[in-house]
Amino acid sequence: MKVYISSDSAATAVGADDVAAALTKHAADKGIEIELKRIGSRGMAWLEPLVEVEIDGVRHGFGGVSPDDVAAVLDNSSDKALGPVDEIEWMKRQTRLTFARCGVIEPLNLDEYRAHGGLVGLTRATSLTGGEIVREVTDSGLRGRGGAGFPTGIKWKTVHDAVAPQKYIVCNADEGDSGTFADRMIMEGDPFSLIEGMAIAGLAVGATRGYVYLRSEYPDAIRVMNAALDIARREGVLGDSVMGSGRAFDMWVRVGAGAYVCGEETSLLNSLEGKRGTVRAKPPLPALEGFLGKPTVVNNVISLATVPVIMERGAQNYADFGIGRSRGTATLQVAGNVARGGLFETAFGMTLGELVNEIAGGTASGRPVKAVQVGGPLGAYMPLSKFDTPLGYEEFDKAGGLIGHAGLVVFDDTADMLQMARFAMEFCAVESCGKCTPCRIGATRGVETIDRIARGDEAAKVILADLCETMKDGSLCALGGFTPYPVMSAVTEFPDDFATAKEAAE
Amino acid sequence: MQSANPASIDEMRAIIEEHLGLEGPLLPILHSLQDTYGCIPEDSVGLMAEALNLTRAEVHGVITFYHDFRKAPAGRHVVKICRAEACQSMGGASLAEETLTKLGIDWHGTTKNGAVTVEPVYCLGLCACAPAMMVDKKVHGRLDRSRVDAILAEAGA
Ligand SMILES: Cc1cc2nc3c(=O)[nH]c(=O)nc-3n(C[C@H](O)[C@H](O)[C@H](O)COP(=O)(O)O)c2cc1C
Ligand code: SF4
Ligand code: FES
Ligand code: FES
């Protein structure tokens with residue numbers, strides 16, 4: 001009997017290892033023959049620890065399993081049975097392209113990876129010229145999933161066209177945004193897809209070396225990625241002759257050191273070079289003068305891990321999903337106070353309300369939803385009145401928000417938006433790289449000003465609005481430049497939280 | 001920080017040299033030093049500067065920029081409690097407050113018995129099973145008071 005349990009950190013964090021141990025022991029005690037496979041995450045975090053048992057070739061799920069449940073799970077008498085996993089509403093409603101294999105195969109099993117469509121894209125890429133690969137990625141409409149939404153193909157073309165003795169592919173795996181974990185899930189659950197994507201990028205632009213800048217807060221992802229790289233090298237996916245093509249590409253993991261701003265691409269490059277992670281002024285673009293001054297592609301994990309799908313299915317197939325200029329799928333991360341949280345991949349276009357109310361089932365607390373922060377700590381707080389906004393780059397921009405890395409953090413009505421605004425400023429102050437005064441000093445002033453508002457100082461509201469304008473205009477990067485979005489959206493959309501404090505003080 | 005003895009100067013030198021072939025070796029060196037000594041020994045700064053052709057001030061500037069690197073070793077276990085938004089939405093802020101009060105320390109503090117140092121962290125990627133924390137390299141999610149107490153007790157706090 002085949003049994004599957006996730007080894008993703010969202011599963012082990014809630015006891016999946018204990019369940020696995022109990023299952024193994026129970027099976028041994030009872031003489032039941034089981035083959036226990038540790039897989040990536042299906043993305044249904046609220047069901048973890050999730051155990052899947054293969055019955056007649058179909059994987060049946062058991063959700064929220066504890067070690068006490070294992071006997072009932074194995075003899076299929078458990079009241080935690082969910083039926084076939086693929087039939088669960090959460091799974092059925094998705095379009096899983098980037099995450100197609102995640103939670104299905106063993107993360108470090110290259111044969112399973114191949115059996116599920118892996119390496120088809122890279123093999124195809126080896127038969128194309130760099131320019132042809134770049135064209136394919138451009139035609140797919142893929143935009144960077146790290147935050148800024150810049151067209152990936154255009155970035156690649158700049159690096160492709162640059163003439164240099166050495167070029168680099170750098171994967172941004174700093175994933176510092178709160179409410180996001182898609183990068184972590186792919187790296188822990190389907191690491192070969194990132195490796196394949198980076199190898200394709202290397203072939204496309206003529207880069208022979210790559211780095212994954214991976215945050216130190218993700219020890220499990222670091223371990224899995226390194227193990228996957230060893231295997232990929234041994235199996236000829238990486239090295240002097242990628243897939244026997246005669247073209248070289250190799251890559252390595254580099255571990256970050258706990259600085260949020262190092263997710264900003266130029267700060268990341270400085271850090272990779274062993275410098276302080278301060279932001280560089282642009283130009284020069286990293287595409288022309290990036291790592292060690294050489295032309296460099298910097299892309300997010302999800303951008304790169306999506307490239308194999310595009311190469312496998314063709315640009316048009318990918319571009320057929322989505323709305324407007326947001327093509328393909330969004331790998332939404334539903335988090336915070338939600339009944340059902342996790343990774344939900346779907347074509348761009350679903351509305352915020354549909355996602356929060358239907359897919360996520362509202363709050364975990366059962367209380368009304370108050371706000372959703374979309375796009376990480378630099379993203380606006382979206383009120384219920386904006387729930388009809390479709391998930392798309394331009395659509396969110398129009399509504400005063402941003403998609404960013406597509407993380408959504410849901411808050412119930414007990415959330416104090418003044419405190420959330422204060423936190424945004426505090427976070428900016430803690431993480432500022434120190435280069436611009438409006439960010440370095442302004443954020444600290446912002447905290448003080450919000451404290452004044454909390455004490456009932458009405459005049460401080462004008463000062464806060466001015467300060468936010470200064471930060472927007474005078475900051476080199478989006479840390480200082482976008483912190484005003486969560487702050488001012490809280491002020492504008494939830495005025496009661498800023499007014500009641502005054503009334504209480506009177 | 002006490003100065004390292006001559007033997008460990010050699011050892012530090014060896015650690016540094018091991019990474020000199022890398023492109024951008026400084027962060028890997030710093031991680032390796034901290035893995036070995038639990039902090040970045042003061043005596044290693046000059047060695048790194050010399051090996052990488054940097055000034056001591058430049059090396060210092062790099063070390064102090066990053067939250068991860070320490071001047072002195074932490075307690076026996078490092079507990080990183082997530083302070084970021086998703087964890088806050090599930091009551092993480094008060095849970096963190098209570099935990100610090102109970103341990104009698106502030107952020108970055110170490111318990112009197114040296115068992116535990118508590119650090120803030122801004123997201124562990126466990127936002128769909130918040131609130132979350134990490135003890136050394138082990139992650140914990142869906143925390144509540146009693147689970148935090150049990151985990152800290154296990155860490156000897
Ligand atoms: C303060 C700050 C933090 C950022 N953090 C990340 C991050 O953690 N991961 C990421 O991929 N991009 C991050 N970005 C965006 C990067 O600068 C860059 O746009 C991205 O890595 C490009 O890759 P993409 O085009 O594939 O999205 C951040 C930007 C800023 C200003
Ligand atoms: S806005 Fe802040 S983080 Fe960004 S470059 Fe300026 S000081 Fe650094
Ligand atoms: S991220 Fe574009 S200028 Fe800083
Ligand atoms: S916000 Fe706490 S784990 Fe992401």
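We name chains A, B, ... by the order of the sequence lines, and we start the count at 1 in each one. On a predicted model such as this, the values are computed, not experimentally measured, just so you know.
- Both the backbone and the side chain of C433(A) come within contact range of chain B, with heavy atoms under 4.5 Å apart.
- Between E119(B) and R70(B), at least one side-chain nitrogen of the basic residue sits less than 4.0 Å from a carboxylate oxygen of the acidic one, meeting the salt-bridge criterion.
- Using a cut-off of 4.0 Å between Lys/Arg side-chain N and Asp/Glu carboxylate O, R13(B) and E17(B) are scored as not salt-bridged.
- Interface remark: W46(A) contributes backbone atoms only to the contact with chain B (heavy atom separation under 4.5 Å).
- Look at K294(A) and E23(B) and you find no salt bridge, because none of the NZ, NE, NH1 or NH2 atoms lies under 4.0 Å from a carboxylate O.
- Of the listed residues (R254(A), Q373(A), R184(A)), the one with the most heavy-atom contacts under 4.5 Å to chain B is R254(A).
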Show me the side-chain donor-acceptor pairs of residues 335-342 of chain A shorter than 3.5 Å, one per line, residues at least two apart or across chains.
residue	atom	partner	partner atom	Å
N337(A)	OD1	A364(A)	N	2.8
N337(A)	OD1	S365(A)	N	3.1
N337(A)	ND2	D412(A)	OD2	3.2
N337(A)	ND2	S89(B)	O	3.3
R340(A)	NE	I359(A)	O	2.9
R340(A)	NH2	E358(A)	O	2.9
R340(A)	NH2	I359(A)	O	3.4

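- Neither the backbone nor the side chain of E188(A) comes within contact range of chain B; no heavy atoms are under 4.5 Å apart.
- For R223(A), no part sits under 4.5 Å from any heavy atom of chain B, backbone or side chain.
- With chain B as the partner, the residue from S9(A), G179(A), S271(A) showing the most heavy-atom pairs under 4.5 Å is S271(A).
- For V255(A), the parts lying under 4.5 angstrom from a heavy atom of chain B are both the backbone and the side chain.
- For chain B, no part of Y260(A) is nearby; none of its heavy atoms comes within less than 4.5 Å.
- Residue contact with chain B, scored on non-hydrogen atoms closer than 4.5 Å, involves the backbone of L272(A) exclusively.
- Across Q333(A), K275(A), E175(A), the residue that shares the most heavy-atom pairs under 4.5 angstrom with chain B is K275(A).
- With chain B as partner, the option from E273(A), R215(A), Q419(A) having the largest number of non-hydrogen pairs under 4.5 angstrom is R215(A).
- Of the two parts of M185(A), neither the backbone nor the side chain holds a non-hydrogen atom closer than 4.5 Å to a non-hydrogen atom of chain B.
- Using modelled atom types and a 3.5 Å distance limit, the side chains of Y122(B) and E431(A) yield no donor-acceptor pair.
- Among the candidates R142(B), R147(B), M134(B), the residue making the largest number of heavy-atom pairs closer than 4.5 Å to chain A is R142(B).
- Proximity to chain B is absent for every atom of T363(A), based on heavy atoms less than 4.5 angstrom apart.
- Using a 4.5 Å cut-off between heavy atoms, E48(A) contacts chain B through both its backbone and its side chain.
- Of the residues considered (F411(A), F423(A), F181(A)), F423(A) shows the highest number of contacts with chain B, using heavy-atom pairs under 4.5 Å.
- Heavy atoms closer than 4.5 Å to chain B are found in the backbone of D177(A), but not in its side chain.
- Only the backbone of V410(A) comes within contact range of chain B, with heavy atoms under 4.5 Å apart.
- In this structure, chain B has heavy atoms under 4.5 Å from both the backbone and the side chain of T12(A).
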